[in-house]
**Student:** 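The structure under discussion is supplied below as structure tokens; questions concerning it will follow.
Computed from a predicted model, the values in this text were never measured in an experiment.
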Amino acid sequence: MTNAPIDLQFSGLTRCLIDKGLLTESDAQTYSSEAQKNKIPLIRYLVTNKLVDSKALAYQASVEFGVPFFDLDAIDHRRLPIHLVGEKFIRKSHVLPLFSRGKTLFVALSDPSNFHALDDIKFRSSLTPEAILVEEDKLSKAIEVALEAADTSMTDMLDEDLDNLDITGGEEDTTKADVSSDIDDAPIVRYVNKILLDSIKQGVSDIHMEPYEKVFRIRYRSDGILRQVATPPASIAGRLVSRIKVMSKMDIAERRVPQDGRIKMTLSKNRAIDFRVNTCPTLFGEKVVMRILDPTSAQLGIEKLGFEPEQQRIFLEAINKPYGLVLVTGPTGSGKTVTLYTGLNILNTIERNISTAEDPVEITVEGINQVNMNPKAGLTFATALRAFLRQDPDIIMVGEIRDLETAEIAVKAAQTGHLVLSTLHTNDAPQTLNRLLQMGIPAFNIVSAVNLIMAQRLGRRLCEHCKIPSDLPDKVLLSAGFKQEELRELKLFTPVGCEHCTNGYKGRVGVYQVLTLTDKMRTLILNGGNTDQLAECALAEGFNDLRRSGLNKVRMGITSLEEIDRITKE
């Protein structure tokens with residue numbers, strides 16, 4: 001008995017079609033030549049010319065390659081994650097992303113042997129692609145419908161204009177060295193631009209680029225949590241950092257001291273994103289951190305910030321007073337600037353003269369006179385404040401009260417008919433009062449000038465698509481801070497994780513302590529009361545502290561107890 005000769009001319013799906021009798025070898029040879037002439041895959045040529053039944057072909061390929069079969073008629077074309085791979089890539093590779101779950105991206109394709117496309121998808125999206133087999137004719141139609149339905153303006157830039165984005169640096173050009181040609185190499189330019197664009201699309205607040213001895217790590221901060229997104233070769237770390245320094249108008253020859261810069265990326269006629277860039281020398285190179293400054297973040301509307309109804313009423317009442325001092329306190333990244341600008345947007349009318357002094361200006365708003373601090377040139381908060389007071393102001397916003405001189409001018413302005421808004425770095429509202437006393441502001445000036453003190457944190461919102469009820473013992477709930485009478489109707493939720501979110505959370509919500517000075521508190525301040533006494537008095541007067549406000553968010557199903565523990569632990 002002799003074995004039949006094996007024809008090695010065809011492989012993959014073509015070989016399978018011949019073996020199953022859907023094609024003859026001579027027809028396969030002819031159709032392959034025609035497909036090559038037309039520069040399209042054989043499968044597309046066969047289906048387009050109705051030489052093979054599309055459904056039979058897809059079913060046979062599914063069985064042969066062990067890839068699940070799916071009917072594309074069941075999808076909603078408007079909800080496909082087109083942005084993860086880009087329009088140009090979808091057209092070129094003839095694939096369609098269907099949905100993501102965790103770190104897996106499910107991709108529709110008609111040829112299961114299209115391994116190159118799957119490898120490219122893994123690089124582009126940082127997700128693991130999972131092939132789903134579909135009918136060729138339906139895939140072609142679905143791609144056209146999905147791309148037409150999607151808003152691909154940013155995706156177009158990612159694929160087609162990645163080399164030619166409208167990117168400008170800061171105001172001052174401090175570059176003192178010739179830029180070496182390798183910094184402007186197309187791969188480096190495209191890689192940096194892709195990192196910036198991906199961060200914008202994913203709603204990232206900060207980008208961290210960190211060099212180590214053997215690796216170079218890139219991380220995004222999303223919803224307050226850092227996550228690793230890429231580890232490019234350590235050998236190109238210097239070129240990536242130099243490219244960013246060139247874009248932000250820094251001195252690329254200076255690597256021994258920290259530098260600050262700014263990048264402006266124009267996405268469309270109506271939208272531009274600023275990146276505040278800082279470099280810092282570390283043991284194995286310069287670390288770069290970029291803060292993404294999106295003007296649209298201050299246009300949320302006060303209802304979306306996370307105020308409880310009574311807190312919102314107190315805040316609006318305070319900012320609508322003709323004079324006084326409104327202070328917002330909290331750590332870096334707690335949303336203080338967005339809160340202040342939400343208030344300024346409400347106050348921004350043609351009848352009011354509003355001036356701000358910031359370091360740096362993070363959100364630009366038409367109708368508000370904004371001043372960037374420049375200590376090297378002698379422009380400090382105190383200097384700017386003095387200038388504002390000579391320019392007939394109604395409302396003044398100071399980015400941060402850092403020293404006695406700035407604090408004194410702000411208090412005097414609040415006492416002489418101006419509304420002053422500012423920030424301080426303290427843990428809660430009562431500590432802010434003591435901080436002003438420690439700076440050297442007399443107690444009688446504090447009680448006469450301060451209208452409102454507000455401490456805040458940002459907590460992650462639970463994903464509405466996947467959160468599930470959580471059953472915790474009463475003992476745990478009571479120790480967390482809930483009251484006995486709340487336990488009967490208390491319903492808590494916990495994160496799970498799905499394709500719509502990151503680890504069970506999507507977006508953030510403010511947690512606030514809103515405090516106005518009552519007569520009892522003024523008396524306590526004048527009598528030299530400490531922070532603990534002020535906090536006890538605030539609770540007695542009915543003002544929730546940060547912990548109680550956070551527990552209210554848990555009780556409402558907005559966030560989880562674990563998240564409130566994370567942001568309000570003492």
Side-chain angles (χ1 to χ4, degrees), residues 81-86 88-90 93 97 100-105 107 116-130 154-155 157-163 165 167 182-248 261 263 265 267 273 275-280 282-292 294 497 499 501-503 505:
I82 302 295
H83 64 280
L84 291 178
V85 293
K88 185 177 179 181
F89 177 79
I90 289 173
S93 301
S100 61
R101 179 171 295 159
K103 295 292 183 181
T104 303
L105 177 63
V107 182
H116 293 298
L118 297 177
D119 290 340
D120 286 345
I121 287 171
K122 185 174 184 179
F123 173 76
R124 285 169 171 267
S125 65
S126 300
L127 299 173
T128 301
E130 185 75 28
M154 194 175 294
T155 306
M157 283 191 289
L158 173 62
D159 287 272
E160 298 173 5
D161 301 320
L162 207 53
D163 298 309
L165 283 172
I167 298 177
D182 63 348
I183 294 171
D184 290 321
D185 278 351
I188 296 295
V189 171
R190 288 179 61 83
Y191 192 85
V192 171
N193 289 352
K194 184 179 188 301
I195 291 293
L196 300 184
L197 278 176
D198 283 351
S199 69
I200 295 170
K201 289 188 296 180
Q202 296 178 32
V204 171
S205 63
D206 300 88
I207 305 170
H208 291 240
M209 295 185 170
E210 303 162 321
Y212 297 97
E213 186 174 8
K214 297 180 180 179
V215 298
F216 185 65
R217 180 173 68 177
I218 298 177
R219 294 190 292 173
Y220 289 163
R221 186 179 292 279
S222 300
D223 295 336
I225 303 296
L226 280 169
R227 57 186 176 86
Q228 184 169 305
V229 294
T231 53
S235 59
I236 68 168
R239 294 163 66 193
L240 289 175
V241 172
S242 294
R243 172 62 189 167
I244 292 168
K245 291 172 73 174
V246 168
M247 293 166 68
S248 51
I263 298 172
M265 179 182 289
L267 301 177
I273 304 292
F275 294 81
R276 189 179 73 197
V277 186
N278 178 266
T279 64
C280 183
T282 68
L283 192 60
F284 299 106
E286 290 178 283
K287 174 177 177 176
V288 177
V289 176
M290 291 182 274
R291 167 66 58 88
I292 301 173
D294 188 353
E499 64 269 20
C501 65
T502 303
N503 299 324
Y505 296 97

**Student:** Output, in order, the C-alpha distance, side-chain angles, deciding distance and verdict of salt bridge (Lys or Arg N to Asp or Glu O under 4.0 Å) for Lys122 and Asp119.
**Tutor:** CA-CA 5 Å; Lys122 185 174 184 179; Asp119 290 340; over 6 Å; no
**Student:** Report the distance from atom CG of Leu127 to atom CD1 of Ile121, rounding to the nearest 0.5 Å.
**Tutor:** 10.0 Å
**Student:** Which pair of heavy atoms, one from Ala230 and one from Pro232, lies closest together, and at what distance?
**Tutor:** C-CD, 3.6 Å
**Student:** I need the full list of salt bridge (Lys or Arg N to Asp or Glu O under 4.0 Å) pairs touching residues 221-235, with sequence neighbours left out, sorted by first then second residue.
**Tutor:** none
**Student:** So which atom in Pro129 and which in Leu118 form the shortest heavy-atom distance, rounded to 0.1 Å?
**Tutor:** CG-O, 3.2 Å
**Student:** Which value, rounded to the nearest 0.5 Å, describes the distance between Asn193 atom CG and Arg243 atom CZ?
**Tutor:** 6.5 Å
**Student:** Does the salt bridge (Lys or Arg N to Asp or Glu O under 4.0 Å) test come out yes or no for Lys245 and Glu286, once each step is laid out?
**Tutor:** CA-CA 10 Å; Lys245 291 172 73 174; Glu286 290 178 283; 3.0 Å; yes
**Student:** Could you tell me the separation between the CG atom of Leu226 and the OG atom of Ser205, rounded to the nearest 0.5 Å?
**Tutor:** 8.0 Å
**Student:** Decide side-chain contact (heavy atoms from CB on, under 4.5 Å) for Ile200 and Phe275; before the verdict, give the C-alpha distance in whole Å, the side-chain angles of both, and the deciding distance to 0.1 Å.
**Tutor:** CA-CA 10 Å; Ile200 295 170; Phe275 294 81; 3.8 Å; yes
**Student:** Measuring from atom OH of Tyr191 to atom CD1 of Ile218, what distance do you get when rounded to the nearest 0.5 angstrom?
**Tutor:** 4.0 Å
**Student:** Looking only at heavy atoms, what is the nearest atom pair of Phe216 and Pro233, with distance?
**Tutor:** CB-O, 4.4 Å
**Student:** Mind listing the closest non-hydrogen atom pair of Pro211 and Phe284 along with its distance?
**Tutor:** CB-O, 3.7 Å
**Student:** Report yes if the side chains of Val241 and Val288 come closer than 4.5 Å at any heavy-atom pair, otherwise no.
**Tutor:** yes
**Student:** Between Ile207 and Ser199, which heavy-atom pair has the shortest distance, and what is it?
**Tutor:** CD1-OG, 3.4 Å
**Student:** So, taking the atom named CD1 in Ile263 and the one named OG in Ser248, what distance separates them when rounded to the nearest 0.5 Å?
**Tutor:** 4.5 Å
**Student:** How far does OG1 of Thr128 sit from CG of Leu105, to the nearest 0.5 angstrom?
**Tutor:** 9.5 Å
**Student:** If every non-hydrogen atom of Met290 is compared with every non-hydrogen atom of Ile244, which pair is closest and at what distance?
**Tutor:** CE-CD1, 3.9 Å
**Student:** Has Asn278 got more than 12 heavy atoms of other residues, nucleotides or ligands less than 6.0 Å from its CG?
**Tutor:** yes
**Student:** Going by side-chain contact (heavy atoms from CB on, under 4.5 Å), name the residues that satisfy it together with Glu210, two or more places apart in sequence or in a different chain.
**Tutor:** His208, Tyr212, Arg217, Arg219, Lys287
